[in-house]
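What follows is a single structure, written as structure tokens, with notes after it.
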Amino acid sequence: MSLSDRVRAAITSALERIADAGELGDPATVRATLAASTQWTVERPKRAEHGDLATNAAMVLTKKLGKPPRVIAEALTMALAKSDVVKSAEIAGPGFVNLRVHPRALHDELREILRAGAGYGRAPSGIGERIDVEFVSANPTGPINVASGRNAIFGDAVARLLEATGNRVTREYYINDFGNQIREFSESVRAVAEGREVGEKGYHGAYVEELATHLKKTDPAALTGDPAQLSRTCTMWMLRGIPGSRVLPGIRRSLADIGVNIDVWFSEDSLHRWGAVPAALAQLEAGGHLVAKEGAVFFVGKDAVDDKDRVVRKSSGEYTYFASEIAYLADKVSRGYDRLITVLGADHHGYVPRVRNALEALGLRSESFEALLYQLVFIYKGGEVVKSSKRAGNFVTCEEVAEEIDEAAGVKGAGRDALRFFFLSRGTNSNVEFDIDLAKKKSLDNPVFYVQYGHARLCSILRKAKEIGIEPSGGISDAAWATLVHADELAIAHRVSELPEVIADAAKTREPHKLVFFVNDLANSFQSYFTRLKSDPILPPASVQAKAGWERDWDFDKTRARLAWIEAIRIVYAASLGLLGVSAPERMDRPEAAADGTADPHES
């Protein structure tokens, strides 16, 4: 139960006591009205000085109870005076009630975090929907570039949030290994292997040359075989990668290296080989959704947003990509998912009504389909945008960026963390501007370094406490918790208690950046608190420990309560980064030119 839930329960209890006292009318009628009224909220006020939380309960209930909102609000504030969760309540405006939470309630939240550990904020597994999240699905005609990297990282973060809120999630990659693009790619590989020129429509670059050389050595028969078989062979190696190759590590490995692991790899080509495409079209034809015109076959959309008829079979007899898509949708639904989510670039916005029409025509629930659209990625280096083109072979891959950052940081995985954090720090409606030079910096100017260093600092405090024999053991007494009353400490305790709500909201809206904002705010809050600890440090500094008998004067209850508080912050910090797919290091070098300009009070 989150702090907001505790406060809501306290308000509900107070309202029930008011009803039983007959202050708002007939007790039975008022109680029934309260039980049916769930639309009132408990949330943070816009200005911190107004309180910890605020409720609009009196405003919402006024029409249903037939009483002025201030009358209800006055009765509510009086009833809350007996609450052990709400310390004080004050009426604001026409009937809003601002609330200040009792420190004991915040201490209870900290206890709950310590009890739940890494599972804090997560819903029980399997209580939600079965969801298929299809993402990346880049044509296997080149390595994973940074644009596909944003798709991959965003899709994976959404999947993590959905899992954290109790859903069973399948991560799926739709391999576009059928049609003109894969044929042009495989023919480009054949041309390079045979020493011929690759045409303008073909694919160029070192990775094409490396694949051609590899096939000449390991599978020369594929280069002389029919186009379909060569396409399948090229697709296999693009997915699996060439052993030991830096140019072609493989799409699967590239995704794994940025923390993305796919559960289902679905081949478009298999839909045609297994007869799924004509079977799906036969179903549409039986339902009257196909029309023959000028030798071609069209799908007739019924949605006014997508009133253009779509070709599913050309006059040449070839099936279109949309025909494959219809068969693919039918296959996914047949697997029993409650919800289908697809992550796409914003330029695919026209795809959404088309798919909804197809689902409706197949007799499926179109509302079970969601398309999550994201904007472009711009890579900056040396202050300039790095331009790329897959066909020209001059594109920027995720590996290149990640390896460059790894090398600069001297830490394996630093590049993965930077890519994930930067890509997830913007909402999908915003472009991402990724500055490689900034991501390589080991300073607090680097957003991901700043946040990770905050976690390492928490670990450092706990480690130092253990080294000098001070650590919370056997639980924290009520007397010890009572010493945790500093305004900043209580404010941060309130903030960490909001993790369950942040996770639930980010999952519901499919917006991982809300979790980035949360952990950034947490990092800033603790940093601000920590830099002011000069006369009242968390741990006894070396100068204090140098004095004989210092233990007699030191407040160990307060220290243990603070350490428990820090461990709760660390748990929430690590859980947040984990859901973003970013590592939470326990040790890090002190940053270059620390932004706070202060020394660690525990190091003196």
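For the numbers below, each heavy atom of this structure counts, side chains included, while hydrogens, waters and symmetry mates do not. Treat the numbers as computed from the prediction; the structure is a model and nothing was measured.
R6 has its side chain within reach of D108: a pair of non-hydrogen atoms, C-beta onward, lies under 4.5 Å apart. Between W481 and D557, the closest side-chain pair of non-hydrogen atoms is not below 4.5 Å. Between L340 and E172 the shortest side-chain heavy-atom distance does not fall below 4.5 Å. Here the side chains of F421 and V516 are in contact, with some heavy-atom distance below 4.5 Å. Using a 4.5 Å heavy-atom threshold, the side chains of H102 and S83 count as separate. With a 4.5 Å cut-off on side-chain heavy atoms, E134 and V343 do not count as touching. Between S583 and Q452, some side-chain heavy-atom pair lies under the 4.5 Å cut-off. Counting heavy atoms from C-beta outward, F369 and I341 have side chains that stay 4.5 Å or more apart.
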Using residues 7-17 as the side-chain source, report each donor-acceptor pair under 3.5 Å to any protein atom, sequence neighbours left out, with the distance given to one decimal.
{"residue": "R8", "atom": "NH1", "partner": "W40", "partner atom": "O", "Å": "2.6"}
{"residue": "R8", "atom": "NH2", "partner": "T38", "partner atom": "O", "Å": "3.0"}
{"residue": "R8", "atom": "NH2", "partner": "W40", "partner atom": "O", "Å": "3.3"}
{"residue": "T12", "atom": "OG1", "partner": "R8", "partner atom": "O", "Å": "2.9"}
{"residue": "S13", "atom": "OG", "partner": "R17", "partner atom": "NH1", "Å": "3.1"}
{"residue": "R17", "atom": "NH2", "partner": "A79", "partner atom": "O", "Å": "2.7"}

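Using a 3.5 Å distance cut-off with no hydrogens or angles, the side chains of T41 and N56 do pair a donor with an acceptor. In the model, T165 has a side-chain atom that pairs as donor or acceptor with a side-chain atom of N167 under 3.5 Å. A donor-acceptor contact closer than 3.5 angstrom is absent between the side chains of T170 and D263. Side-chain polar atoms of K514 and T509 form a donor-acceptor pair below 3.5 angstrom. At a cut-off of 3.5 Å, with distance as the only test, no side-chain donor of R426 or Q375 sits close to an acceptor on the other residue. Side-chain contact annotation: E90 with T77, donor-acceptor N/O pair under 3.5 Å absent.
Distance NE2/H50 to CZ/F96: 12.0 Å, rounded to 0.5 Å. Within the model, atoms CD of E367 and CZ of R339 stand 8.5 Å from one another, a figure rounded to the nearest 0.5 Å. Note that the CD atom of E489 and the CD1 atom of I566 stand 8.5 Å from one another [nearest 0.5 Å]. Expressed to the nearest 0.5 Å, how far CD of E498 lies from CD of E501 amounts to 6.0 Å.
Atom CD of E586 is surrounded by 12 or fewer heavy atoms from other residues, nucleotides or ligands within 6.0 Å.
Annotation for T483 and A561: closest pair OG1-CB, 3.9 Å, computed over non-hydrogen atoms. The shortest heavy-atom contact between L424 and P512 is CD2-CB, 4.1 Å. Taking every heavy atom of both residues into account, R510 and E370 meet most closely at NH2-OE2, 2.6 Å. Nearest heavy atom pair, residue S497 against residue Y120, reads O-OH, 3.2 Å. The nearest pair of heavy atoms linking P585 to H455 is O-ND1, 2.9 Å. The shortest heavy-atom contact between I262 and R171 is CG2-O, 3.5 Å.
In this structure, R150 is not positioned above the aromatic face of F423 in the sense of NZ or CZ being under 6.0 Å from the six-membered ring centre and within 45° of the axis.
Put simply, the residue from V582, V448, L580 that forms a side chain to side chain contact (heavy atoms under 4.5 Å, CB included) with R420 is V582. Considering N429, L344, T428 as possible partners of L373, the one that fulfils the side chain to side chain contact (heavy atoms under 4.5 Å, CB included) test is L344.
F422 and F434 have perpendicular rings, their planes meeting at more than 60° on a 0 to 90° scale where under 30° would count as parallel. Ring-plane geometry between F526 and W565 is classed as tilted, the angle between the planes lying from 30 to 60 degrees on a 0 to 90 degree scale.
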Starting from the C-alpha separation in whole Å, work towards a yes-or-no answer on salt bridge (charged side-chain N to carboxylate O under 4.0 Å, His left out) for D536 and K558. CA-CA 11 Å; D536 186 22; K558 183 177 182 179; 3.0 Å; yes

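Applying the salt bridge (charged side-chain N to carboxylate O under 4.0 Å, His left out) definition to pairs two or more places apart or across chains, those involving residues 569-584 are E567-R570.
Every residue was checked against the salt bridge (charged side-chain N to carboxylate O under 4.0 Å, His left out) condition with D84, not counting sequence neighbours, and none meets it.
Here the two rings, on Y529 and H486, have centers that are under 6.0 Å apart.
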